[in-house]
Amino acid sequence: MTACSVAYVGRGSDHPASPTSCRSPGEISRGGAASTPAASAHKIGHSELTGPQGTLVGECFFSACSAAVCVCCLAARSRKRPRRGCTARPLRVAALGQGETCHPGARATVRELKELLNKIRILKMPKEQPTAAQRISPRHAAYKVSGLVSGEPSFTQLFSHDTWSTYTAKSPFLRWGRTLAMWRFSTVLRSTLPICTAAAIWALCVASLPSRLLAGTSPVPITLMGSAIGLLLVFRTNNLYGRLMEARLLWGRAVWCCRQAAQTIATSMLFDESLEEPAQPAAHAAAAQACRYLAAFPWELNAKLTGKDDGSGRMRDLQPGEDLEVLQALLPPREAQWVGQSRSRPLHLLGATRRVLHDQLRAGRLHHIVYRKLEEDLKELDLVVGGCERLYSSPVPPTMSRHAIRSITLWLLGLPFVLAGSMPPAAVALWTFATSYIFVGIEETGAQVENPFEVLPMTHLCNVVLFNIEEAIALPP
């Protein structure tokens, strides 16, 4: 039975290694595939090689004969007309780079797909950098992009060896020095500067009051409040950065699943030389269609999660029929309009991919095991879409953020009363500014990543999917 399973590489749910497919030499002989020597060997394996000295030899000989009988059984079954959608044929993939050439139709399909992918890369190339007004506008997404002006590495880009060299491959002195030199471009400083300035002015006013109005202020309440606020900020920031890591993991899984699906589709529907000649054009067309859906998937998911700029710096939800450039470049016009009108374009593209693959399964051009593997990949992409929608639509409870802001405000209002009298008013204002920068900055670093899809390098990840699909369908020159 094991030899039968190993020898079989074909299609169909009725596996030839089942008990009804390899029963006895007599049944095989009636099917016209077994020879008399094979039947004789089968009998010898049962009778003559049994005994205290010949048991092991008999078992080995019997296993070899069983394998030969199963091969004969498969030859007999291959002559039968297979059921629709379950064609029992061996799978033979072209050994690329070893002298074999693919069908000319496959090369034409690959060439057409590459042209479409290059067109998408050119179409989605950044056309212009954010203006200076957009960089300082808290309503614009570029306001949260660290390193946009200074050129420092940030989480908004995919790191390379050059990026890591710029980031960590320095002496500590140079790294610290450059970090301090680029402090003026910090997104946290730019965000918290108005609040810190207001706190410093308040501290200067309080410290300038007559000493008789400030006498006897105990530092104990401020100390207790500071400890509680520190715990609150750490708890909130950990939750927010956990959302960012989960979003990055989801997009990493999307890249992996798209790559796996593209490689499997290319192997089984583009490069499978065992496909019959009449079936090859339909299989190649279906493979190209599925790859186009996979190429459009990350861009439409990106558009759904990041929204559309309304012109004033605010982002709004994408409306049906908007931003169809990618769909129109990859799909026929009517289908692009149809997908663009749907509520969730990524899910619509996954459904269309499923229908294409199911049609190939029913037509017998796709092995049922390969179909099952592709279905698992599409299921994972479905889960990615659901996870991204959950992160986007359900933030950390806003009550936690409001309570943290109100607590920090009370603490900053009371801090000058404790510091006044112990140092000059200017020093009180300076230390209040520095302290507020630390506490408000911690809260701001969490707020900047609360919507992780404004921080992730979404365009870079979408381009990675395009490059993976292009490499999956690549042919040697």
Side-chain angles (χ1 to χ4, degrees), residues 130 134-157 167-168 172 175-204 206 222-245 247 313 395-416 418-419 426-456:
Q134 290 174 337
R135 292 193 187 107
I136 64 175
S137 173
R139 294 183 299 177
H140 198 271
Y143 185 75
K144 301 181 180 181
V145 179
S146 62
L148 188 63
V149 179
S150 63
E152 290 291 292
S154 70
F155 197 79
T156 57
Q157 63 186 111
Y167 183 48
T168 58
R175 182 162 51 88
W176 280 60
R178 181 165 179 81
T179 300
L180 295 177
M182 296 298 170
W183 199 345
R184 64 186 185 277
F185 301 119
S186 169
T187 57
V188 176
L189 177 62
R190 193 163 62 242
S191 303
T192 60
L193 184 59
I195 301 173
C196 297
T197 303
I201 294 175
W202 166 255
L204 181 63
V206 171
I222 292 296
T223 303
L224 295 176
M225 291 173 62
S227 301
I229 291 172
L231 291 175
L232 177 62
L233 290 177
V234 169
F235 180 71
R236 178 173 181 271
T237 306
N238 284 343
N239 283 334
L240 295 175
Y241 273 84
R243 288 166 52 87
L244 179 62
M245 292 299 103
V396 173
T399 303
M400 181 181 296
S401 176
R402 299 189 192 107
H403 183 64
I405 292 174
R406 292 162 184 164
S407 300
I408 294 174
T409 302
L410 290 176
W411 188 75
L412 291 177
L413 291 175
L415 182 62
V418 177
L419 299 178
V428 172
L430 179 61
W431 284 109
T432 301
F433 182 92
T435 306
S436 62
Y437 171 74
I438 295 174
F439 277 80
V440 178
I442 294 174
E443 197 279 334
E444 177 62 20
T445 55
Q448 288 188 1
V449 301
E450 187 164 8
N451 182 4
F453 306 109
E454 291 183 348
V455 183
L456 288 178

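Sequence positions, counted from 1, serve as the residue numbers for this chain.
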Intermediate values then yes/no, side-chain contact (heavy atoms from CB on, under 4.5 Å), T179 and W176: CA-CA 5 Å; T179 300; W176 280 60; 5.6 Å; no
side-chain contact (heavy atoms from CB on, under 4.5 Å) between L410 and M225, intermediate numbers included: CA-CA 9 Å; L410 290 176; M225 291 173 62; 4.0 Å; yes
Nearest atoms (heavy-atom pairs only) where L204 meets A426: CD1-N, 4.1 Å
Approximate separation, where rounding is to 0.5 Å, of M400 CE and F235 CZ: 4.5 Å
Verdict with supporting geometry, T445 and V449, side-chain contact (heavy atoms from CB on, under 4.5 Å): CA-CA 7 Å; T445 55; V449 301; over 6 Å; no
Donor-acceptor contact present, side-chain W202 to main-chain L413, <3.5 Å: yes
Gap separating the CD atom of E454 from the CG atom of L244, nearest 0.5 angstrom: 11.5 Å
Non-hydrogen atoms of P416 and T432 that approach each other most closely: CG-OG1, 4.5 Å
R236-S401 side chain donor-acceptor pair, cut-off 3.5 Å: yes
Rounded distance (nearest 0.5 Å) linking atom CD1 of I229 with atom CG of L412: 7.5 Å
Within-4.5 Å side-chain heavy-atom neighbours: V234 and I442: no
Closest heavy-atom pair and its distance - E443, I408: CB-CD1, 4.3 Å
Derivation of the side-chain contact (heavy atoms from CB on, under 4.5 Å) call for V428 and F433: CA-CA 9 Å; V428 172; F433 182 92; over 6 Å; no
